[in-house]
Amino acid sequence: MAEKDNGTAVRTHDFEELYRDGKATLGAAGATLDVVPWDIQAPQPIVVELEQAGEIIGPVLDAGCGLGENALFLAERGYRVTGIDAASTAIEEDQRKARERGLQVEFVVADATTLDGVEGPFRTVVDSALLHCLDEESRRSYVSALHAICEPGARLHVMCFSDAMPAGLPIHPHTEAQLRATFSDGWTIHRLQRRVYNTALTHEEIHGLLERSALSALDTSSLETDDMGRLLMPIWQLTVERI
């Protein structure tokens, strides 16, 4: 995954640094993270929900798999899974986890905008917080690469930050219109609804992030938290079918 630096955007080497050192300065805004925001050390509840509802069919691609918990969960449930990420440190950690748990998962270092070296075809793709890390050009390439590697009738499940996100974070939140336009050619939309995404961040960690960065003030007071006090971020849950 390659991301152009627009002044605040997260770049590929930022992810690598974050996975390697446990902290990173994101983009040019100087936002220093000392926690992996999406590492809840468990699969995302929406992924669990999709599996329980019978909406996952193998083979499965976990695009931008990060620290691998979604891919490992699906492998535990008996699916054939490939997890890809541009950060080699994350992939090495995922491979270690798979060995320790006795699971067969193919974890591969790959660029999601091309999927070069990734062997398909796939019948399900899970995108858990990757799409909103991509700029417009990268997003088009990514969606095109997915279309090429998926079987006709394959389902893509996307969880991406919505336009209800507080402004100023180093990501690309999406409006409903943007998502409909992105998947208007070669895909049929079956689900597009507002949900929340579990994170490892707390209100206190967000305030600390602001103090250590050049980001404008963020008002997170409206964000809900889980029973551990971790922020639930507003997202779109999108399901599209490959034509």
Side-chain angles (χ1 to χ4, degrees), residues 1-3 8-12 14-16 18-19 24 26-27 31 33 35-51 56 60-74 81 83-87 89-91 93-94 107 110-113 124-136 138-139 142-143 146 155-166 168-176 178-179 182-183 191-202 205-206 209 220 223-224 226 230-240:
M1 177 181 66
E3 173 61 66
T8 60
V10 183
R11 302 158 297 189
T12 298
D14 295 327
F15 289 106
E16 185 67 52
L18 186 58
Y19 290 129
L26 304 183
L33 276 176
V35 62
V36 180
W38 47 89
D39 182 20
I40 62 171
Q41 299 181 19
Q44 275 293 320
I46 289 177
V47 175
V48 176
E49 178 183 297
L50 288 167
E51 195 282 325
I56 304 292
V60 181
L61 174 66
D62 184 355
C65 62
L67 291 172
E69 293 299 336
N70 291 327
L72 293 165
F73 163 74
L74 293 174
V81 184
I84 67 157
D85 203 282
T89 299
I91 292 298
E93 175 65 9
D94 296 341
F107 285 113
D111 183 341
T113 65
T124 303
V125 179
V126 173
D127 175 336
S128 179
L130 170 60
L131 189 69
H132 60 235
C133 296
L134 303 175
D135 64 13
E136 184 176 356
S138 297
R139 187 165 60 247
Y142 169 56
V143 172
L146 287 178
R155 292 288 179 100
L156 165 62
H157 300 289
V158 177
M159 288 149 272
C160 70
F161 288 156
S162 75
D163 47 344
M165 283 288 294
L169 289 173
I171 45 89
H172 300 274
H174 286 64
T175 64
E176 178 179 349
Q178 286 173 320
L179 285 174
T182 296
F183 294 97
R191 174 194 287 121
L192 182 55
Q193 62 188 33
R194 293 187 183 274
R195 300 290 302 273
V196 291
Y197 191 85
N198 292 58
T199 77
L201 293 169
T202 64
E205 283 161 339
I206 287 288
L209 173 64
T220 62
L223 297 181
E224 299 177 4
D226 65 12
R230 301 178 303 184
L231 293 175
L232 302 173
M233 297 294 190
I235 64 165
W236 292 108
Q237 181 188 359
L238 169 73
T239 297
V240 295

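All of these numbers come straight from a predicted model, not from anything done at the bench. Along the sequence shown, residues are numbered consecutively beginning with 1.
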Closest non-hydrogen contact found for Ile40 with Asn198 is CG2-O, 3.8 Å
Do Ile46 and Ser128 come within less than 4.5 Å of each other through their side chains, counting heavy atoms only? no
Are Met159 and Val126 packed together at the side-chain level, in the sense that at least one heavy-atom pair is separated by less than 4.5 angstrom? yes
Could you list the residues that satisfy salt bridge (Lys or Arg N to Asp or Glu O under 4.0 Å) with Asp226, not counting sequence neighbours? Arg230
Side-chain (Glu69) to main-chain (Asp39) donor-acceptor, under 3.5 angstrom: no
Distance-minimising heavy-atom pair for Gly64 and Leu130: N-CD2, 4.0 Å
Partners of Gln193 by side chain to side chain donor-acceptor pair (under 3.5 Å), sequence neighbours excluded? Gln237
Do you know which two heavy atoms are closest between Ser162 and Arg194, and how far apart they sit? OG-NH1, 3.5 Å
Treating Gln44 as the side-chain partner and Asn70 as the backbone partner, does any N or O pair qualify as donor plus acceptor under 3.5 Å? no
Is the shortest side-chain heavy-atom distance between Leu192 and Trp236 below 4.5 Å? yes
Atom CZ in Arg139, atom NE2 in His132: separation rounded to 0.5 Å? 12.0 Å
Using the rule side-chain hydrogen bond (donor to acceptor under 3.5 Å, both in side chains), only one of Thr113, Asp111, Asp127 pairs with Tyr142; which is it? Asp127
Any side-chain heavy-atom pair of Thr182 and Val143 under 4.5 Å: yes
Is there side-chain contact between Val47 and Ile56, with heavy atoms separated by less than 4.5 Å? no
Taken in chain and number order and not counting sequence neighbours, the residues that satisfy ring pair (Phe, Tyr, Trp, His ring centres under 6.0 Å) with Phe183 are Trp187
Any donor and acceptor pair, going by atom type alone, linking the side chain of Thr239 with main-chain N or O of Arg191 inside 3.5 Å? no
Give the minimum heavy-atom separation between Asp94 and Cys65, together with the two atoms involved. OD2-SG, 3.5 Å
CG (Asp62) and CZ (Phe73) are apart, to the nearest 0.5 Å, by 12.0 Å
With a 4.5 Å cut-off on side-chain heavy atoms, are Pro234 and Leu223 touching? yes
